[in-house]
Every structure is written in C-alpha cells, then in structure tokens.
Amino acid sequence: MEPLMLLPLTVLLSYLGHGTGAGATPPRFNSIFSFGNSYADTGNFVLQCAGLPSVPFNQSPYGETFFRRPTGRPSDGRLIIDFIAEALQVPLLPPFLSSRQPHQDLDFSRGANFAIVGGTALDVGFFLRRSAASVPPFRSSLRVQIGWFRRLKRSLCNTTTAAAAAGCKDRLMARSLFVVGELGSNDYGYILAGGKSLSEAKSFVPEVVKAICRGIERLVEEGARYMVVSGTLPAGCLPMALTKYGYGAGGKGKGNATTEYDRRTGCLRRLNGLAQYHNWMLREAVGRMRRKYPTTKLVYADFYRPVARLLRRPAKFGFTEEPIRACCGGGGPYNYNPGAACGSPGSTVCRQPSAHVHWDGIHLTEAAYKYIANGWLNGLYAYPSILDLLQ
C-alpha cells in the first residue's frame with residue numbers, strides 16, 4: 001500500500017472517511033483563520049507594500065505552478081495553509097489586508113489569512129529595547145495579527161443585539177480552525193542581523209516561545225477551540241543562510257561558529273541547533289497549554305522533521321535536483337543572490353520547480369509544502385493529526 005503521506009489530499013480524505021460524496025460527514029470547520037509569516041502569507045505583504053517600488057512576490061515567476069500568475073504568495077504555487085484549506089473543504093483564505101482595498105467585495109465568513117512576510121512573535125518594541133540595530137520595518141507581530149482578527153470578528157458578528165452578537169461569535173469560534181504558522185525564524189534573523197552571536201540569539205528563545213504562547217492564550221480567550229501551532233524549519237539549510245553564513249563556493253568562510261556543516265546534508269549545524277532548541281521549547285509549552293486548556297484541542301505541527309527528511313533523501317520523494325539549491329535565484333553555489341532575488345532582473349528560474357525543495361532561497365516549493373501538509377494532516381508530522389480534529 002502506498003504510504004498515506006504520499007497520497008493526494010483528496011484520496012487521503014476519502015481513505016480516512018472524510019470524502020465529499022453522498023453520505024460523507026459534514027465538515028467540522030466552516031472557516032480557517034491563519035497567522036504567521038511568509039511561509040503562510042497569501043498576499044498581505046504585497047497589499048501592505050502597495051504603492052512602493054516593485055515587490056518580487058508580486059512578479060513572475062511567483063505563482064507560476066498552480067495559479068499561473070503571482071498572488072502574493074512567496075512560492076511557485078500553493079502553501080501549506082492552502083493544502084489544509086483544500087483538505088478541509090474550505091475556500092483558499094483571502095489576505096485580511098485586502099479588506100482595506102477599495103471596491104473589494106471579499107467574503108471573510110469562511111476565514112481569513114493574517115500571516116504576513118516578516119511577521120514575528122515579538123513586538124517591534126522588544127527589538128527597539130533589546131536589539132535596536134535591527135528592527136522589523138512593519139508592525140506585524142502575532143499580537144498585531146490577532147488584533148486584526150478581533151477587528152474582523154466584530155465585523156462578522158455585527159448584529160443588532162448583544163445576545164445575537166454573542167451567539168454569532170460562539171458559533172464562529174466553535175466551527176473554526178486556527179493555524180498559528182511558523183514564527184521565530186524572523187525574530188532570530190533580526191537578532192543575528194543586529195550583530196548578536198548565535199549563543200546570544202539562543203538566549204532569546206524563551207522570550208520568542210513565550211510570545212507565541214501569549215498569542216495562543218489570546219486566541220483561546222477569544223473562544224478558539226481548535227488550533228494548530230507550527231514549529232520552525234531547519235534554518236541552517238536555507239540557501240539564503242548558507243550564502244550569508246557559510247563558506248561559499250571557494251571553501252573560505254568567515255570563520256565564525258555558524259560555518260560548521262552537517263556532513264550529510266550540507267546544512268549549518270549550529271543554526272539548525274537554534275531551530276531545534278526553539279522547537280523543543282515550543283513543543284513542551286504546547287503540552288503544558290493542553291493541560292491548562294483541556295477544552296481546546298491543540299495540535300503541534302512539526303516543520304523541522306519533514307524538511308530535514310526531504311533534504312536527507314530527496315530522490316525518494318521525487319526531488320531530483322540539488323536539495324539545498326534554490327530553483328529561482330541570481331546565481332552562486334546555492335542560487336541565492338540578494339542583489340538578484342527571484343522575480344528581479346538578473347534572476348533565473350528552473351524548468352521544473354517540483355524537482356526542487358527550495359524555491360527562492362528562503363521559501364519552499366509547492367511540492368515541498370504539499371509533502372509537509374500531508375504529514376500535518378495525517379499525523380506523520382503532527383500530534384495529534386489535523387484530521388483527528390474531525391472526529
């Protein structure tokens with residue numbers, strides 16, 4: 001039998017008894033609300049930057065694989081959140097900031113996406129106090145995103161009486177899935193860019209995890225009953241990180257601790273160690289929150305293991321190209337060049353994105369995201385599985 005993790009999502013749902021045919025169980029979730037950073041952004045950053053010079057995510061070849069056009073997603077196609085929405089029979093989530101655009105008649109009753117490129121767990125104020133040399137350019141932390149959700153929630157339940165509004169909110173929360181996507185990688189990126197060492201960055205992990213947990217608690221207090229919380233991916237395997245911190249093609253590095261390579265994958269070991277420490281602390285915190293909030297079902301979704309597995313044995317899963325080289329970029333040993341980023345003049349794109357794990361040096365391809373989403377849905381990389389929430 002083909003492993004469940006490799007089955008198409010529609011087949012997977014049918015196999016588990018959640019098909020869409022006659023007699024199928026009605027979907028538990030009417031809506032999905034998504035939070036996070038660029039790994040889940042379906043267009044908020046492009047909308048945030050409207051009027052500014054060209055944003056690469058809104059240029060070809062972004063979106064070419066599935067949508068055939070740029071949608072603001074930092075990938076060649078769909079993201080993990082898109083595959084989750086498809087599997088749960090919910091429309092793809094519109095970016096919340098599209099509500100600010102004139103002449104937009106979007107339906108947010110089935111969910112919304114608040115994730116945005118550059119999103120952090122920590123607020124801007126934290127960076128101003130502790131790492132002023134490198135500060136996020138926008139106020140887009142998890143706390144800010146939850147503020148956007150609260151504003152939307154009020155508009156969705158804007159009825160004439162307080163009792164009716166309360167009933168609407170209860171129904172909305174009872175039939176909604178909340179996905180707190182990857183957060184932390186940008187926080188550590190800003191800290192490192194501010195001149196801190198990896199050891200110093202590691203000392204910030206408890207603060208980052210605490211901020212994520214505060215966000216989870218805020219959503220629980222709002223009435224969330226079903227929530228997925230994502231860990232972070234192996235940052236030391238990103239072409240961007242390898243280019244910035246590694247030895248490079250000439251074999252001569254900067255001599256700092258981040259240039260210790262994993263002999264099996266070619267990734268930066270200590271940078272991955274930071275991600276693993278973050279994930280351990282977050283997973284433990286989610287376990288404590290399950291006990292604290294027994295009426296809310298919390299899923300811990302592992303982002304690290306599926307990516308690491310693809311990089312260790314790429315050919316087994318159909319990724320036949322160099323696993324730590326980007327499909328789209330401006331050259332160099334990892335095809336990542338910040339001076340010629342994907343979508344900018346001077347960059348090129350590979351012929352077959354589905355054979356690559358990495359898309360633009362920071363983000364993954366649709367094919368990689370699909371593999372990860374399957375693992376979150378069926379439980380290979382999530383505890384409990386997202387599909388278990390349908391029981």
message = Determine whether a donor-acceptor pair (N or O, by modelled atom type, separation under 3.5 Å) exists between the side chain of K153 and the backbone of E222.
response = yes
query = When you measure from the side chain of R28 to the backbone N and O of R175, does any donor-acceptor pair fall under 3.5 Å?
reply = no
task = Find out if a path of hydrophobic residues (ILVMFWY) with successive side-chain heavy-atom gaps under 4.5 Å connects M240 to L198.
result = yes
ask   = Counting N and O atoms only, with roles assigned by atom type, does the side chain of E182 sit under 3.5 Å from a partner on the main chain of G36, one being a donor and the other an acceptor?
value = no
ask   = What's the spacing between W376 CH2 and Y369 OH if we round to 0.5 Å?
value = 10.0 Å
task = Of all the heavy-atom pairs spanning P136 and T120, show the shortest one and how long it is.
result = CG-CG2, 4.2 Å
Step-by-step side-chain contact (heavy atoms from CB on, under 4.5 Å) determination, L271 to L192 = CA-CA 11 Å; L271 207 51; L192 291 170; 4.0 Å; yes
query = Can you find a pair of side-chain heavy atoms, one from Y226 and one from I386, that are under 4.5 Å apart?
reply = no
message = So does R312 get a backbone contact from the side chain of R264, meaning a donor-acceptor N/O pair under 3.5 Å?
response = no
query = Between F29 and L389, does a side-chain contact (heavy atoms from CB on, under 4.5 Å) hold up when you go through it step by step?
reply = CA-CA 9 Å; F29 300 114; L389 301 180; 3.9 Å; yes
query = Heavy atoms, side chains only, cut-off 4.5 Å: are L233 and Y39 in contact?
reply = yes
message = Rounded to the nearest 0.5 Å, what separates atom OH in Y336 from atom OG1 in T243?
response = 7.5 Å
query = Would L311 and C267 count as a side-chain contact (heavy atoms from CB on, under 4.5 Å) if you check the C-alpha gap in whole Å, the side-chain angles of each, and the deciding distance to 0.1 Å?
reply = CA-CA 9 Å; L311 296 177; C267 302; 4.2 Å; yes
ask   = Is there a side-chain contact between C342 and V349 (heavy atoms, below 4.5 Å)?
value = no
ask   = Where is the tightest heavy-atom contact between P74 and V117, given as atom of each residue plus distance?
value = CG-CG2, 3.9 Å
message = Working to the nearest 0.5 angstrom, can you tell me the gap between E86 CD and R78 CZ?
response = 4.5 Å
note = Closest non-hydrogen contact found for G215 with L142 is CA-CD2, 3.7 Å
task = For the pair N337 (side chain) and G331 (backbone), establish whether a donor and an acceptor sit closer than 3.5 Å, ignoring hydrogens and angles.
result = no
key: Residue that, paired with F35, satisfies side chain to side chain contact (heavy atoms under 4.5 Å, CB included) out of L183, L219, V229, I116   = L219
message = With heavy-atom distances below 4.5 Å as the criterion, would you say the side chains of P239 and N335 are in contact?
response = no
task = Identify the two heavy atoms, one from F33 and one from G111, that lie closest to each other, and give their separation to 0.1 Å.
result = CE2-CA, 3.8 Å
inquiry  = If you take the centroid of each ring, where Trp contributes its six-membered ring, are Y381 and Y371 closer together than 6.0 Å?
reply    = yes
ask   = Can you name the one residue among T42, D41, N58, D82 that meets side chain to side chain donor-acceptor pair (under 3.5 Å) with R73?
value = D82
task = Classify the angle between the aromatic ring planes of Y190 and F127 as parallel (below 30°), tilted (30 to 60°) or perpendicular (above 60°).
result = perpendicular
Sidechain-backbone polar pair: R283 side chain, G231 backbone, donor-acceptor under 3.5 Å = no
request  = Please confirm whether F57 and H363 have ring centers closer than 6.0 angstrom.
outcome  = yes
ask   = Does any non-hydrogen side-chain atom of L47 lie less than 4.5 Å from one of P95?
value = yes
ask   = What is the minimum heavy-atom distance between Y300 and R290, and which atoms define it?
value = N-NH2, 3.6 Å
inquiry  = Nearest 0.5 angstrom please: I216 CD1 to M289 CE, how far?
reply    = 4.5 Å
message = Just verifying a value: how many Å separate Y62 OH and T71 OG1, rounded to the nearest 0.5 Å?
response = 11.5 Å
task = Assess the pair Y334 and H358: is the distance between their ring centroids shorter than 6.0 Å?
result = no
query = Same cluster for I84 and Y383 if Ile/Leu/Val/Met/Phe/Trp/Tyr side chains link at under 4.5 Å?
reply = no
query = When you measure from the side chain of N113 to the backbone N and O of G43, does any donor-acceptor pair fall under 3.5 Å?
reply = no
task = Could you tell me whether the side chain of T365 and the main chain of H356 form a donor-acceptor pair under 3.5 Å?
result = yes
ask   = Under 3.5 Å, side chain of S203 to main-chain N/O of E200, donor-acceptor pair present?
value = yes
ask   = So with a 6.0 Å cut-off around CZ of R139, is the heavy-atom count from everything else above 12?
value = no
query = Backbone N or O of L97 within a donor-acceptor pair of the N44 side chain at under 3.5 Å?
reply = yes
message = Within this structure, what is the OG1-CD distance for the pair T320 and Q352, rounded to the nearest 0.5 Å?
response = 6.0 Å
query = Taking C350 and C327, which are both Cys, do their SG atoms fall under 2.5 Å of each other?
reply = yes
message = Less than 3.5 Å apart, any donor N or O on the side chain of D123 or S141 sitting next to an acceptor on the other?
response = yes
query = So do the side chains of E366 and W359 get within less than 4.5 Å of each other, counting heavy atoms only?
reply = no
request  = Check the hydrophobic clustering (I, L, V, M, F, W, Y; side-chain heavy atoms under 4.5 Å; chains of links allowed) and say if F204 and M281 are grouped together.
outcome  = yes
ask   = So, do R305 and L380 sit near enough that their side-chain heavy atoms are less than 4.5 Å apart?
value = no
task = Taking all heavy atoms of V299 and all of A382, pick out the closest pair and write down the distance.
result = CG1-CB, 3.9 Å
message = Please evaluate residues Y304 and H278 with respect to the criterion side-chain contact (heavy atoms from CB on, under 4.5 Å), reporting the C-alpha separation (whole Å), side-chain torsions for both, the decisive distance (0.1 Å), and the verdict.
response = CA-CA 11 Å; Y304 190 102; H278 168 98; over 6 Å; no
ask   = If you count the non-hydrogen atoms of other residues, nucleotides and ligands that lie under 6.0 Å from NZ in K202, is the total more than 12?
value = no
inquiry  = Just so I know, are the side chains of L268 and N272 near enough to count as touching, which here means a heavy-atom distance under 4.5 Å?
reply    = no
query = Given the rule that I, L, V, M, F, W and Y join up when any side-chain heavy atoms are under 4.5 Å apart, are W280 and L282 in one cluster?
reply = yes
message = When you group the ILVMFWY residues by side-chain heavy-atom contacts below 4.5 Å and let the links chain together, are F83 and F303 in the same group?
response = yes
